[in-house]
Amino acid sequence: MALDPDLAARLKRNADGLFTAVAQERSTGTVLMVAWMDDVALERTLATRKGTYYSRSRQEYWVKGETSGHTQYVHDARIDCDGDTVLLVVDQVGAACHTGNHSCFDTESLTFGIDAASGSGSDTGADTGQRLPGTAE
């Protein structure tokens, strides 16, 4: 089975025929990971509801959790307004990140040059209204 031609026409691919895929956890809205897809990976994902991606380094398709058991069941798939990114809304079983973290974005927030509230100074945390330990008031 091939990707629907109307859907394929909406996708914008890079020079290697790939586009970005973002996996978002259905229950929390957390962005879990970013990976690459092509038409075949998307078609397989839509046919099976299993997150299927393309590895640029290995030059092969991989199904999330096929070897680790950390699977993704895809509930929804959407193309962004530019057609260059697909959002997969998933139920994640186990870690999404190859490091063993639940999300590939379970990292420290980057430091901003200005404070979100006052527009001056430095801010070293996510814009949550709370300061991270060790940051200035």
Side-chain angles (χ1 to χ4, degrees):
M1 179 176 192
L3 193 62
D4 177 88
D6 292 334
L7 174 57
R10 293 173 51 200
L11 292 168
K12 292 182 185 170
R13 300 153 191 86
N14 68 13
D16 297 320
L18 304 174
F19 47 89
T20 306
V22 176
Q24 179 184 37
E25 190 167 43
R26 182 171 70 125
S27 63
T28 66
T30 298
V31 173
L32 298 172
M33 57 178 268
V34 176
W36 291 102
M37 283 185 149
D38 65 4
D39 290 16
V40 172
L42 180 56
E43 185 276 322
R44 290 179 183 178
T45 297
L46 295 174
T48 65
R49 291 190 176 257
K50 296 178 181 179
T52 305
Y53 305 98
Y54 185 77
S55 170
R56 295 179 302 163
S57 59
R58 296 187 313 264
Q59 302 216 339
E60 65 183 17
Y61 297 99
W62 58 280
V63 177
K64 183 67 181 158
E66 196 168 59
T67 57
S68 67
H70 299 166
T71 59
Q72 290 177 344
Y73 180 83
V74 181
H75 284 272
D76 192 14
R78 298 171 183 237
I79 299 174
D80 79 334
C81 59
D82 296 322
D84 60 1
T85 303
V86 171
L87 173 67
L88 302 178
V89 179
V90 305
D91 283 342
Q92 178 69 44
V93 175
C97 187
H98 71 279
T99 64
N101 287 339
H102 183 67
S103 166
C104 292
F105 298 95
D106 286 346
T107 60
E108 293 182 22
S109 295
L110 302 178
T111 301
F112 291 91
I114 61 170
D115 180 82
S118 69
S120 63
S122 67
D123 187 6
T124 56
D127 194 7
T128 62
Q130 297 180 350
R131 295 275 179 199
L132 296 176
T135 60
E137 286 290 329

Applying a strict under-4.5 Å side-chain criterion to I, L, V, M, F, W and Y, I'd like to know whether [X] and [Y] cluster together.
| X | Y | result |
| --- | --- | --- |
| L7 | M37 | yes |
| V93 | L32 | no |
| L88 | L3 | yes |
| V90 | F105 | no |
| I79 | F19 | yes |

For [X] against [Y], the heavy-atom pair lying closest together:
| X | Y | answer |
| --- | --- | --- |
| G29 | Q24 | O-NE2, 3.0 Å |
| A96 | M33 | O-SD, 3.9 Å |
| K64 | H70 | CG-O, 3.4 Å |
| A8 | R13 | O-NH2, 2.8 Å |
| V74 | K50 | CG2-C, 4.1 Å |

> Could you give the distance from CG (D39) to CG (L18), rounded to the nearest 0.5 Å?
Replying inline: 9.5 Å
> Could you give the distance from CG (L46) to CG (D4), rounded to the nearest 0.5 Å?
Replying inline: 9.5 Å
Is a donor on one side and an acceptor on the other found under 3.5 Å between the side chain of [X] and the backbone of [Y]?
| X | Y | answer |
| --- | --- | --- |
| S57 | S55 | no |
| S103 | V31 | yes |
| T45 | G51 | no |

> In this structure, which one of H102, E25, Q72 forms a side-chain hydrogen bond (donor to acceptor under 3.5 Å, both in side chains) with Q92?
Replying inline: Q72
> Looking at Y61, Y54, Y53, which one forms a side-chain hydrogen bond (donor to acceptor under 3.5 Å, both in side chains) with D38?
Replying inline: Y61
> Excluding sequence neighbours, so at least two apart, what forms side chain to side chain contact (heavy atoms under 4.5 Å, CB included) with A47?
Replying inline: E43
>> Determine whether V86 and L11 satisfy the following criterion, side chain to side chain contact (heavy atoms under 4.5 Å, CB included), listing intermediate values before the conclusion.
In response: CA-CA 9 Å; V86 171; L11 292 168; 4.1 Å; yes
>> Quick test of your reading: applying salt bridge (charged side-chain N to carboxylate O under 4.0 Å, His left out), list the pairs with at least one residue in residues 67-95, sequence neighbours left out, ordered by first then second residue.
In response: R26-D91, D76-R78
>> Using the rule given for side chain to side chain contact (heavy atoms under 4.5 Å, CB included), can you reason through N14 versus W36, listing the C-alpha separation, both sets of side-chain angles and the distance that settles it, and then say yes or no?
In response: CA-CA 10 Å; N14 68 13; W36 291 102; 3.6 Å; yes
> So does E60 have more than 12 non-hydrogen atoms from other groups sitting under 6.0 Å from CD?
Replying inline: yes
